[in-house]
Structures are given as C-alpha cells and as structure tokens.
Trainee: 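One structure follows; several queries about it will come next.
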Amino acid sequence: MPELPEVETVRRGLEAAMVGAQLAAVEQRRPDLRFPFPERFAERLTGQRVEALRRRAKYLIADLDGTDVLVMHLGMSGSFRIEQARAPILGAGAKNSLHDHVTFDLSTGARVVYNDPRRFGFMQLIPRSEFAAHPLFNKIGIEPLGDEFDGAALARLFAGKTTSLKAALLDQTLIAGLGNIYVCEALHRAGLSPRRVAACLACNDGTPSARATRLARAIREVLNEAVAAGGSSLRDHRKTDGALGYFQHSFRIYSRAGEPCARCGGLVRRITQAGRATFYCGGCQR
DNA sequence: AGTTGCACCTGGCTGC
DNA sequence: TGCAGCCAGGTGCAAC
C-alpha cells in the first residue's frame with residue numbers, strides 16, 4: 001500500500017497511542033513476515049517504553065527506552081489498527097484477524113495490532129548506536145518534505161542520470177518515500193513526461209532548470225495534500241482508527257488509463273516502466 | 001555502475 | 001456460480 005503519505009498517516013496514529021506508553025505484552029503470531037522476526041522479538045520488546053514514533057522514508061521507527069530501536073515497514077498491504085480495551089472495532093471480524101501477525105498491549109489499556117495479508121512488511125530491532133550506519137538506512141535519500149528538498153537538490157541528484165524520470169523518482173536512494181502513485185501524480189502536475197531522461201532537470205551549466213523547480217514543487221504539493229487527506233485507500237490502507245484515507249478521489253492521472261486528461265482533455269495512457277504501471281497524458285506531459 | 005526482471009505473498013476484480 | 005488469469009501502493013537480489 002503505502003507511500004510516504006500513508007506511512008505518515010499511520011505514524012501520527014501510532015504516535016498518539018504509543019508514545020509514553022509501555023509495551024506491557026507483545027505477541028508475535030508467526031515466525032516471519034517478509035523476513036524472519038529478530039530473535040526473542042516479543043521478549044526483547046516487553047516492558048519497554050516508547051519514547052518517540054518517527055518516520056524515515058517509508059519506515060516507521062519507534063524509539064524505545066532500552067538500547068534498541070524498533071523498525072517497521074508496511075510492505076504493500078500492512079496496516080496497524082488501534083483497539084481500545086473492551087471496545088473492539090466493529091467490522092474487524094474473523095476474516096481480517098487471520099492476518100493479524102503482531103499485537104502490542106500497551107500500559108494504557110489500548111492494543112495495537114499489525115495486519116498484513118501479503119506479508120511484504122517486516123519488523124527489525126536495531127541497536128540505537130548502529131541505526132545510522134545500518135544497511136536499511138545508510139543509503140536512503142533525501143526527504144521530499146524536508147527543508148533541503150527543492151529544484152536545485154533535485155537537479156543535483158539527477159545530474160548525469162540516463163534512466164527515466166519515473167525510475168529516478170522511485171529510487172529510494174535518491175529521494176525517500178515516493179512510490180508509484182505519487183510519482184505519476186507529481187509528473188502530471190509538473191507537466192513532465194515520465195519517459196524523459198532524469199538528467200534533463202539540470203541546465204547545461206549545471207544549474208536547476210525551470211522543470212526541476214516545477215517538479216520539486218509538484219512533489220511537495222501532492223504529498224502535502226495527500227497527508228492532509230489521510231493518504232490514499234485503494235485496497236488496504238486504513239488510518240489506525242480504521243477510517244479510510246480519501247486522497248484516492250483526488251488522483252488526476254493514476255489508474256485513469258483511457259479517460260480524458262483532466263487538464264488538457266488528451267488521452268491518459270498506461271505504459272510499463274521498470275516493471276511498474278505508469279499513467280501519463282501524452283498531451284500535456286512533455 | 002546502472003538497469004531490468006523476477007521473486008516474495010494474498011486477495012480482489014474481470015471476463016469467459 | 002466458478003474459476004483462470006491478471007493486477008496491486010514495495011523492495012532486494014540475480015543476471016545482463
């Protein structure tokens with residue numbers, strides 16, 4: 001499911017429920033998700049207090065009061081829901097609980113449940129001292145909602161890249177947190193073809209082009225709007241209170257193959273790039 | 001070094 | 001109604 005706006009939405013929900021609380025009991029219901037759980041996972045977490053709930057790229061990071069940091073990734077279909085004691089959420093029935101893989105019972109009485117049908121998500125425990133140098137994080141790129149992200153940064157990152165704009169924007173070692181939907185949406189807003197060479201964002205003298213500025217602005221804009229909407233719910237994404245995000249109603253290009261472009265009336269096309277579907281308008285995306 | 005293709009899983013939708 | 005086939009928000013690794 002989840003790109004930056006969905007992960008950020010989940011982070012906010014978990015932060016409100018977990019920060020300051022102690023993990024009174026942890027249950028791990030299967031040996032692995034995408035990867036095996038760490039050794040003695042539940043035991044090592046039990047009794048720890050959650051001091052902060054952060055996001056880096058599409059990772060959720062819980063700072064604990066012990067020596068470890070809990071790293072969580074939602075993969076394609078992972079979600080968290082928060083249940084208050086004695087008040088299970090209606091509709092969270094047997095079918096759904098089949099894929100409840102981890103539960104955290106908090107000292108507040110709330111229960112946090114991780115559900116992931118496809119099991120592409122994973123959880124890791126990393127010593128805090130090794131966090132920055134850890135292979136999961138040491139090559140991650142710039143945060144697109146951070147202060148340092150702008151047209152100049154984008155042009156610098158993409159300089160000399162012969163790959164497509166689409167592929168470069170999906171590369172997490174360059175920019176952290178964009179996925180298939182928001183890359184398509186940002187390129188459409190910026191009026192840029194996903195097939196362009198990534199290096200086209202820099203002028204011959206290396207300065208950022210107007211295109212770079214437009215694209216950086218479009219990326220920030222679409223991410224901010226999506227976060228404000230609680231993310232996009234296609235199949236699996238839920239806020240931690242069970243509510244749907246609603247940004248999917250604001251897609252201008254994603255999954256609209258065959259429809260007229262909302263901006264120019266041109267035909268929205270679907271192509272495949274790097275094995276992923278790309279939606280774009282041949283009329284106004286140049 | 002940079003890219004592509006495939007694998008990892010389940011479930012939902014489409015079309016026969 | 002049933003079932004086969006295709007598709008899906010991500011990422012890591014093997015192969016070119």
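Below, each value reflects all heavy atoms present in this structure, side chains not excepted, and no hydrogens, waters or symmetry copies. As the structure is a prediction and not an experimental result, all values here were calculated from the model. Per chain, numbering begins at 1; letters A, B, ... match sequence-line order.
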Trainee: Using the test side chain to side chain donor-acceptor pair (under 3.5 Å), find all partners of A:Glu8 that sit at least two apart in sequence or belong to another chain.
Mentor: A:Arg11, A:Arg12, A:Arg55
Trainee: Using the side chain to side chain donor-acceptor pair (under 3.5 Å) criterion, which residues pair with A:Arg56? Sequence neighbours excluded.
Mentor: A:Glu143
Trainee: Apart from A:Tyr280 itself, which Ile, Leu, Val, Met, Phe, Trp or Tyr residues share its cluster (side-chain heavy atoms under 4.5 Å, direct or through members)?
Mentor: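 Members alongside A:Tyr280: A:Ile271.
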Trainee: Protein-nucleotides 2-7 of chain B N/O pairs closer than 3.5 Å?
Mentor:
unit_1: B:dT3; atom_1: OP1; unit_2: A:Thr163; atom_2: N; d: 3.0

Trainee: Taking only residues at least two apart or on different chains, which pairs with a member in residues 31-52 of chain A satisfy salt bridge (Lys or Arg N to Asp or Glu O under 4.0 Å)?
Mentor: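 Every salt bridge (Lys or Arg N to Asp or Glu O under 4.0 Å) pair that includes a residue of residues 31-52 of chain A, provided the two are not neighbours, is A:Arg30-A:Asp32, A:Arg40-A:Glu43, A:Arg44-A:Asp68.
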Trainee: Would you mind listing the cluster partners of A:Ile126? Hydrophobic ones only (ILVMFWY), side-chain contacts under 4.5 Å, chaining allowed.
Mentor: A:Phe35, A:Tyr59, A:Ile61, A:Val69, A:Val71, A:Phe122, A:Phe131, A:Leu136, A:Phe137, A:Ile140
Trainee: What are the residues of residues 249-261 of chain A, sorted by number, that bring a heavy atom to within less than 4.0 Å of DNA chain C?
Mentor: A:Tyr254
Trainee: Please convert DNA chain C into dot-bracket. A pair counts if it is Watson-Crick or G-U wobble with both distances under 3.5 Å; crossing pairs go in [ ] and bases paired with another strand get |.
Mentor: .|||||||.|||||||
Trainee: By a 5.5 angstrom centroid cut-off and a 30 degree plane limit, is there stacking between A:Phe120 and B:dC9?
Mentor: no
Trainee: Who passes salt bridge (charged side-chain N to carboxylate O under 4.0 Å, His left out) against A:Arg29, sequence neighbours left out?
Mentor: A:Glu27
Trainee: Going by number, which of residues 216-231 of chain A have a non-hydrogen atom under 4.0 Å from DNA chain C?
Mentor: none
Trainee: Listing request: all salt bridge (Lys or Arg N to Asp or Glu O under 4.0 Å) pairs with a residue in residues 113-133 of chain A, at least two apart in sequence or in separate chains.
Mentor: none
Trainee: Kindly state each residue pair satisfying side-chain hydrogen bond (donor to acceptor under 3.5 Å, both in side chains) with at least one member in residues 163-173 of chain A, sequence neighbours excluded.
Mentor: A:Lys166-A:Asn180, A:Lys166-A:Thr278, A:Asp171-A:Thr173
Trainee: Please pick, from B:dC9, C:dT11, C:dG10, the nucleotide with the shortest atom-to-atom distance to any side-chain atom of A:Asn180.
Mentor: C:dG10
